Amino acid sequence: MLRKKEWNICLQAFEEMHPHAHCELVHRNPFELLIATLLSAQATDKQVNKVTASLFQKYHEPEDFVHASIEEIENDIRSIGLYRNKAKNIRALSEMLLTEYGGEVPRDRDELTKLPGVGRKTANVVVSNAFGVPAFAVDTHVERVAKRLGMCRWKDNVRQVEEKLTRWTPEEEWTNTHHRMIFWGRYHCKAQRPNCPECPLLDLCREGKKRMKREYA
Ligand code: SF4
């Protein structure tokens with residue numbers, strides 16, 4: 001397993017490789033970010049941005065979704081995976097924002113997770129990116145990179161990964177590190193073909209060492 005001292009080296013490497021990592025979901029306000037993040041489940045940011053480019057021209061606030069039928073919303077997001085369920089959640093969530101939160105996206109993670117279709121990861125993305133509240137969203141890239149490096153156990157669940165990441169990373173770096181780990185996982189330590197031969201963390205990465213032995217020995 002990785003030691004805390006080595007995790008600090010990882011944090012440095014993430015920053016050096018991706019100093020400008022950022023949220024790639026295009027949005028102009030917390031509501032758009034909430035909708036885009038909800039749409040991004042099992043879809044790429046690119047696919048989501050393609051859909052939201054026209055979606056956000058048509059729907060500006062929760063009221064607009066409430067005035068549309070679920071079928072109409074389904075049609076507008078049809079190219080995205082799980083669109084039926086997502087359309088249902090978007091409409092229900094918009095309704096709840098209007099009735100319970102005065103049409104505003106709550107800044108509180110626990111409140112956000114009360115909204116239909118909004119889990120802890122989505123809530124973490126929204127509070128950290130839209131409101132600057134420290135939070136560490138663990139998506140598939142973050143989880144994979146953390147486990148490959150050995151900063152947590154393979155069998156850890158998402159909550160355990162989040163707990164370790166927030167314990168070992170300075171709070172003011174949670175949001176940046178989340179973005180950098182996503183970029184790291186998306187462009188360098190990819191799911192299928194991680195670039196271990198050129199990785200600055202190879203010497204301390206359990207998965208990288210194993211792969212190098214297997215593939216290049
Ligand atoms: Fe990922 Fe390979 Fe680098 Fe480990 S050595 S972090 S598996 S790219």
Side-chain angles (χ1 to χ4, degrees), residues 1-26 33 36-37 39-50 80-82 119-129 133-217:
M1 291 289 283
L2 209 67
R3 284 167 297 168
K4 170 86 166 58
K5 213 166 58 184
E6 293 170 318
W7 179 244
N8 291 336
I9 297 172
C10 296
L11 292 178
Q12 252 176 23
F14 298 153
E15 183 176 3
E16 275 162 25
M17 193 179 286
H18 301 293
H20 306 299
H22 57 277
C23 177
E24 293 194 299
L25 291 170
V26 177
L33 178 61
T37 311
L39 288 173
S40 73
Q42 290 183 41
T44 65
D45 287 0
K46 242 186 205 159
Q47 290 168 327
V48 173
N49 289 337
K50 220 167 147 189
I80 293 269
L82 310 174
R120 190 177 173 91
K121 190 205 80 181
T122 298
N124 277 339
V125 168
V126 172
V127 293
S128 60
N129 288 292
V133 176
F136 210 131
V138 178
D139 78 342
T140 175
H141 297 297
V142 172
E143 182 179 0
R144 185 178 69 252
V145 170
K147 287 186 175 176
R148 279 180 172 171
L149 283 164
M151 78 88 63
C152 53
R153 297 168 303 177
W154 288 111
K155 63 176 183 185
D156 282 350
N157 61 34
V158 176
R159 279 301 287 273
Q160 288 169 312
V161 176
E162 184 186 327
E163 194 278 321
K164 188 75 177 279
L165 283 166
T166 50
R167 197 151 40 85
W168 275 20
T169 309
E171 190 175 301
E172 64 277 13
E173 287 299 318
W174 288 356
T175 305
N176 279 337
T177 305
H178 153 81
H179 291 310
R180 288 168 191 154
M181 285 180 78
I182 288 180
F183 272 48
W184 185 276
R186 195 175 276 162
Y187 304 113
H188 170 68
C189 184
K190 296 180 187 177
Q192 298 307 325
R193 293 183 57 135
N195 189 5
C196 303
E198 292 179 54
C199 184
L201 296 178
L202 178 59
D203 285 347
L204 50 79
C205 177
R206 62 177 176 185
E207 175 71 10
K209 281 189 268 196
K210 204 171 77 193
R211 279 177 182 260
M212 292 299 283
K213 214 165 157 185
R214 200 170 63 212
E215 290 163 33
Y216 298 93

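Start at 1 and go down the list; that is how both ligands and their atoms are numbered. Just so you know, residue 1 is the first one in the sequence shown, and it goes up from there. Computed over heavy atoms, backbone and side chain alike; hydrogens, waters and symmetry mates excluded. These figures come from a predicted structure and were not determined experimentally.
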Chemist: Below 4.0 angstrom from a heavy atom of Arg148, which ligand 1 atoms are there? Numbered from 1 as shown, please.
Modeler: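 Answer, ordered by atom number: 7 (S).
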Chemist: Considering non-hydrogen atoms only, spot the tightest contact between Lys190 and Arg148 and give its length.
Modeler: O-NH1, 2.9 Å
Chemist: Counting only heavy atoms from other residues, nucleotides and ligands, does the tally under 6.0 Å from CZ of Arg167 exceed 12?
Modeler: yes
Chemist: Quick one, Cys152 and Trp168 - any side-chain contact, counting heavy atoms below 4.5 Å?
Modeler: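 A side-chain contact under 4.5 Å is absent here.
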Chemist: Quick check: does Cys199 put an N/O/S atom under 2.8 Å from atom 3 (Fe) of ligand 1?
Modeler: yes
Chemist: How far is atom 8 (S) of ligand 1 from its nearest protein heavy atom, and which residue and atom is that?
Modeler: His188 NE2, 3.6 Å
Chemist: For atom CD of Gln42, is the number of surrounding heavy atoms from other residues, nucleotides or ligands below 6.0 Å larger than 12?
Modeler: no
Chemist: Using 2.8 Å as a strict upper limit, say whether an N, O or S atom of Cys196 approaches atom 2 (Fe) of ligand 1 that closely.
Modeler: yes
Chemist: Could you find the nearest protein heavy atom to atom 1 (Fe) of ligand 1 and give me its residue, atom name and distance?
Modeler: Cys189 SG, 2.4 Å
Chemist: Hey, are Glu207 and Arg144 close enough for a salt bridge, meaning a charged N less than 4.0 Å from a carboxylate O?
Modeler: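 Between Arg144 and Glu207 there is no salt bridge, as every charged N stays at least 4.0 Å from the carboxylate O atoms.
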Chemist: Going by the order shown, which atoms of ligand 1 are within less than 4.0 Å of some heavy atom of Trp184?
Modeler: 6 (S)
Chemist: Using a strict cut-off of 4.0 Å, indicate which atoms of ligand 1 neighbour a heavy atom of Cys205.
Modeler: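 Once the distances to Cys205 are compared, the set is 4 (Fe), 5 (S), 6 (S), 7 (S).
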Chemist: Give the C-alpha distance, both sets of side-chain angles, the deciding distance and a yes or no for ring pair (Phe, Tyr, Trp, His ring centres under 6.0 Å) between His22 and Phe183.
Modeler: CA-CA 8 Å; His22 57 277; Phe183 272 48; 5.5 Å; yes
